[in-house]
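Scroll down for the structure; my scribbles are underneath it.
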Amino acid sequence: MTRVYDLSGVWGYILGLTIMMVGASVGLFAVGCAGFSGRRGGWSEERVEALEPEVRGAYRLFALRCSRCHTLARPLSSGITDPAHWRNYVDRMRRMPGSGISATEAKQVLVFLEYYAAQERSKRRRNDTSADKNIDEL
Amino acid sequence: MELKGFDMNCREDDSESCEADKGKKSAPTGDKWGKLPSQPVFTGALTIVGLLVGVGGAWAIDVRSNMAGSVQLDYLHVFDADSARDFVFDGFTTELSLKLVTDFGDRTSAHVKVCYGCHGFEIGMAYVDFWLLDELSVRVGRMNPRFGDFPLRHDPANHRANSKPLPYDMGRMLRRAEWNNGILPIPYVDNGIEVYGTYWFNDRMAVDYAIHAVSGLKGNNDAFDIDFVQSRSPSLYYIDNNSQPSVGGRLAVTINIGNYTTLTTGASGIHGFYDPAATQSYLILGIDTHLKMDALVLRAEVLLRRTEFGIPDEPGAFRFDTQGRTKDFFIKQGFLAEVEYPFSEWLEIFARVDGLRRIGNLATNSPLRGESAVLRYTNGINLVVHRSLRLKLSTEIWDFSDFRDEVVAHVGVAGHF
């Protein structure tokens, strides 16, 4: 059977290296455009340092424990804004094997998540208000 | 029918506000969820959750739902191979998962996960969790029975490598057919019940346990090995093939050392029969350890599967004599050791060594030997483009005892939402 293209031998290496280099370049470019998000998919160090001491400590515990099985982007992108929902969520995660989150620590983690939920709620309210204004202007 | 505090957690960019939904009687609508796939499996899963939401509403308890998902597109290239397709599924593969979790009050939750991968759409989870005490919870339905450490983060958005470790490989390893995958292909999904819990001695030390009874892995009578396709495929129905539940469990200790270090060490086991006659058993054992020192993570696992095979009537079916004491089973061993570290906010690196060894009798036409092994050395980087999106690049060197060694490269994009 005649092959349309041959990826074996030296051509395979060249293609593979090209894919890697193009991929890395695109990735670095995208990183440069998007900006950093923070280690383990969480917040940037500058943003963490700007927090109140109690919330900062709670964030660090959240970052340590919750990055064991998944990136921090999971909870931070969950869209949860209801504190009661966060309590259910953390209770479920706490019961995951090896989570290392004791009942005392779960309360500390919730200090950050409730702060985060309040932030998200106010952001959402601002977005709604500005969307309403745009509609009015139209 | 009062449905208190229903919050579907609409996203920031949703047109409807979650705040506005609070306290109202409402249910997810097609508009809010967008256009759904028409696959019956997905529709069925949503129907189940819809019914549970209805039941929760009838009991006037707080019902809160949250949807999450992940996707990975990966390209695998084998260097210097004339026809890699003969021994691996190279090229592009996509893994997608969509998960809906609904909490009914504080102690009950329903989980439905739909996965799309090489096999098309499948239900990866459909279970209900009852949390009675920290030390006692019950899970019933279609679930991932607990085993080992890696299965906890088998979702491609949750691990740094493009591929799964060899002991847990499901279909993407080189020489997959000859090796019949790894030891316990993940995700291991089965129907049954699991009882589990955690006992905290203090804030520093906890013991986790889990005991399950499920349908079990499947295969044919007089088969040489477990048939992992049959084990997960609906072609022979999602039912037990031999009326003999498979039982297993896991026991693990977690210690928080200081403020930044957590160590978990566990042992797992599964035992069952895979053939319809329930005469050919399998026993899977594993030990695992996971050390997290702030951002640095070290993991290691060792697994073993002892699998009995049938002795067919026809002579010459096996490579070696089948009369001896140890001639009707084989042992497959596997290990993995990996390290990962986020160097910066946008660069994470990882390295992994894993392998498999198979010892025992085998089919006459098998290209393996009485003792065969494969070792793989993997290293790679993750470029964090956005907190929910990463570019995964890795290379793997495969060292086979019975085949030519290979070098492969993966380029993948993984994201979650």
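Being a predicted model, the structure only gives us computed values, none of them experimental. So you know, we letter chains A, B, ... as the sequences are listed, proteins then strands, and number each from 1.
A salt bridge does not link B:D294 to A:R60: none of the charged side-chain nitrogens sits closer than 4.0 Å to a carboxylate oxygen. Under a 4.0 Å N-O distance rule, the pair A:R92/B:D103 qualifies as a salt bridge. In summary, B:D62 and A:R87 do not engage in a salt bridge, as defined by a charged side-chain N under 4.0 Å from a carboxylate O.
Taken to the nearest 0.5 Å, the NE2 atom of A:H70 stands 12.5 Å off from the OG atom of B:S70. Atoms CZ and OG1, on A:R94 and B:T198 in that order, are 8.0 Å from each other to the nearest 0.5 Å.
No other option in A:A103, A:A73, A:A63, A:S67 has as many heavy-atom pairs under 4.5 Å with chain B as A:A73. By number of non-hydrogen pairs under 4.5 angstrom with chain B, the leading residue of A:R74, A:E105, A:M96 is A:R74. For the options B:D129, B:V297, B:N256, B:T254, heavy-atom pairs under 4.5 Å to chain A are most numerous at B:N256. For the set B:R107, B:R153, B:R146, B:H290, the entry with the most heavy-atom pairs within less than 4.5 Å of chain A is B:H290.
Interface residue B:R390: only side-chain heavy atoms are found under 4.5 Å from chain A. For B:D149, the part lying under 4.5 angstrom from a heavy atom of chain A is the side chain only. The part of B:S137 that comes within reach of chain A is its side chain, from C-beta onward, which places non-hydrogen atoms under 4.5 angstrom from that chain. Contact of A:L61 with chain B is not made at all, since no heavy-atom distance falls under 4.5 Å. For B:A157, the parts lying under 4.5 angstrom from a heavy atom of chain A are both the backbone and the side chain. In this structure, the portions of B:S388 lying under 4.5 Å from any heavy atom of chain A include both its backbone and its side chain. With a threshold of 4.5 angstrom between heavy atoms, B:V408 does not approach chain A through any atom at all.
A distance-only check finds no donor-acceptor pair linking the side chain of B:K292 to the backbone of A:R65 [under 3.5 Å]. In this structure, the side chain of A:R68 does not engage the main chain of B:T262 through any donor-acceptor pair within 3.5 Å. Under a 3.5 Å cut-off, the side chain of A:N88 and the backbone N or O of B:R64 do not form any donor-acceptor pair.
When all heavy atoms of B:R387 and A:L76 are compared, the closest pair comes out as NH2-O, 3.1 Å.
Counting heavy atoms of neighbouring residues, nucleotides and ligands inside a 6.0 Å radius, atom CD of A:E49 exceeds 12 of them. At most 12 non-hydrogen atoms from other residues, nucleotides or ligands lie less than 6.0 angstrom from CD of A:E54. Around CZ of B:F201, the count of heavy atoms belonging to other residues, nucleotides or ligands within 6.0 Å exceeds 12.
Contact of the A:I80 side chain with the B:N66 side chain is registered, since non-hydrogen atoms from C-beta on lie closer than 4.5 Å.
Within residues 203-211 of chain B, the residues having any heavy atom closer than 4.5 Å to a heavy atom of chain A are B:D203, B:D208, listed by residue number.
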